[in-house]
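To keep things clear, I will list the structure first and then write my remarks on it.
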Amino acid sequence: MQPRSQPPKIDEVKSSVVRISVKNWAEFVSEFSKQYLNLNCQGSKYLKVNKMLTPMIDASASEYWLFHGCSKQTVCKLTHEGYDPRVSNLDGMFGGGFYLAANSSKSNQYIMCPNCKRNSIFTGIRCKCRNQEEMEFQILIYRALLGDLHIVVDYDPKKYRGKGKDRIRRAPIKANNNNVYDSVLAEKQKYGGNKLKYREIILYESYQAYPEYVVTFKRSAANVRVPACGDDLLNKCYDFLTNRAE
């Protein structure tokens, strides 16, 4: 049962952050989480052991901050109109869903050069524009409700993407009943996945996420730093995002 509602490794240097507020989001999360009070959600237990790189906001709804990369034109549409899975690209590994990532570097691969419109997974990486380190890019940070999520370790394209007219447009059906999972987590190789280097999270309903932050940044290959302690970094990210001024 679900509630009704509408490339190259780089160092990402933050330039600015804009926060988008939704007045009724907290109330909606509370309603969303009520359906899981008496359920044994294995996905939530799984993530307690195999943690996300991004902070968890609300354990009762498996709510996380996650990244989404796209063109600046799509950023504008997503922040003003929201995402619509009904018109999603069906050629993705998990069909017509909305794709998010815990790694900003993963989402960054989908952000094209604002000048030549290249240098991304979908448009090719042969960008020869000058002064690339002076260009500004945008990435979205979503608040996403994963709910009861389906973990994919052994990826099978016939099952998860489909073929022809039978392309997938929803999460898998649960084994013990006719209800579907709320989301899909495609596991990375580090945790036993057979396909992906980085985790991907796929949503199939428009009400499950909203873009809380638009981050404008510049790319630079200089001064690449060794990653900080994971737990310490999570705490810093959580404090920054929760205390960010409106």
Side-chain angles (χ1 to χ4, degrees), residues 1-5 19-68 83 94 97-104 106-107 140-153 170-177 179-188 190-193 196 198-213 215 227-244 246:
M1 180 179 67
Q2 296 179 334
R4 302 286 182 183
S5 179
R19 187 175 191 180
I20 303 170
S21 298
V22 174
K23 293 182 178 179
N24 299 324
W25 181 254
E27 290 82 354
F28 177 74
V29 173
S30 178
E31 289 298 317
F32 183 88
S33 63
K34 287 180 181 179
Q35 62 184 310
Y36 304 107
L37 292 178
N38 299 316
L39 293 180
N40 184 23
C41 298
Q42 296 300 318
S44 298
K45 294 180 179 179
Y46 180 87
L47 288 179
K48 288 182 179 179
V49 178
N50 305 291
K51 295 182 179 180
M52 289 280 200
L53 287 178
T54 50
M56 179 174 64
I57 307 169
D58 188 334
S60 64
S62 289
E63 182 184 13
Y64 286 85
W65 278 297
L66 296 169
F67 296 97
H68 181 75
Y83 69 91
F94 294 85
F98 187 66
Y99 291 70
L100 300 164
N103 294 72
S104 61
K106 171 64 177 178
S107 295
L140 295 169
I141 301 179
Y142 271 82
R143 290 183 73 136
L145 303 177
L146 307 188
D148 192 4
L149 66 159
H150 176 70
I151 311 296
V152 178
V153 176
R170 68 177 185 183
I173 298 175
K174 299 178 183 179
N176 60 342
N177 55 45
N179 292 330
V180 300
Y181 286 95
D182 295 301
S183 60
V184 169
L185 185 148
E187 193 53 282
K188 59 184 178 180
K190 178 180 177 180
Y191 292 138
L196 298 174
Y198 301 105
R199 277 177 167 171
E200 292 193 30
I201 298 88
I202 304 91
L203 308 178
Y204 297 88
E205 299 290 350
S206 59
Y207 60 74
Q208 284 183 254
Y210 90 89
E212 185 173 28
Y213 292 98
V215 180
C229 170
D231 290 338
D232 182 54
L233 185 60
L234 271 179
N235 292 332
K236 288 181 179 179
C237 289
Y238 183 85
D239 290 340
F240 175 79
L241 293 172
T242 53
N243 296 316
R244 180 73 185 177
E246 297 283 345

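The figures here come from the full heavy-atom set of this structure, side chains too, leaving out hydrogens, waters and symmetry mates. Keep in mind the model is a prediction, meaning the values are calculated, not measured.
- Q208 places a side-chain N or O within 3.5 Å of a backbone atom of D182 that can act as its donor or acceptor partner.
- Looking at R199 and E187, their side chains come closer than 4.5 Å, going by heavy atoms from C-beta outward.
- The aromatic rings of F98 and Y142 sit perpendicular, their planes meeting at an angle over 60°, well past the 30° parallel limit.
- By the 4.5 Å heavy-atom criterion applied to side chains, V184 and Y204 are counted as neighbours.
- Between the side chain of S62 and the backbone N or O of S44, no donor-acceptor pair lies under 3.5 Å.
- Looking only at side-chain heavy atoms (C-beta outward), V29 and R143 stay at 4.5 Å or farther from each other.
- Between the CG atom of D58 and the CD atom of E63 there is a distance of 5.5 Å, given to the nearest 0.5 Å.
- A 4.5 Å side-chain heavy-atom check between T54 and F67 finds at least one atom pair inside the cut-off.
- Side chain of Y99 to backbone of F94: a donor-acceptor contact under 3.5 angstrom is found.
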field: Criterion side chain to side chain contact (heavy atoms under 4.5 Å, CB included) on Y64 and I201, from CA distance to verdict
entry: CA-CA 11 Å; Y64 286 85; I201 298 88; over 6 Å; no
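- Ring geometry for H150 versus Y181: interplanar angle of 30 to 60°, hence tilted.
- Scanning all heavy atoms of the two residues, the minimum distance from Y83 to S206 falls at O-CB, 3.4 Å.
- Proximity of a side-chain donor or acceptor of S60 to a complementary backbone N or O of S33 within less than 3.5 Å is not detected.
- Using a 4.5 Å heavy-atom threshold, the side chains of L185 and M52 count as touching.
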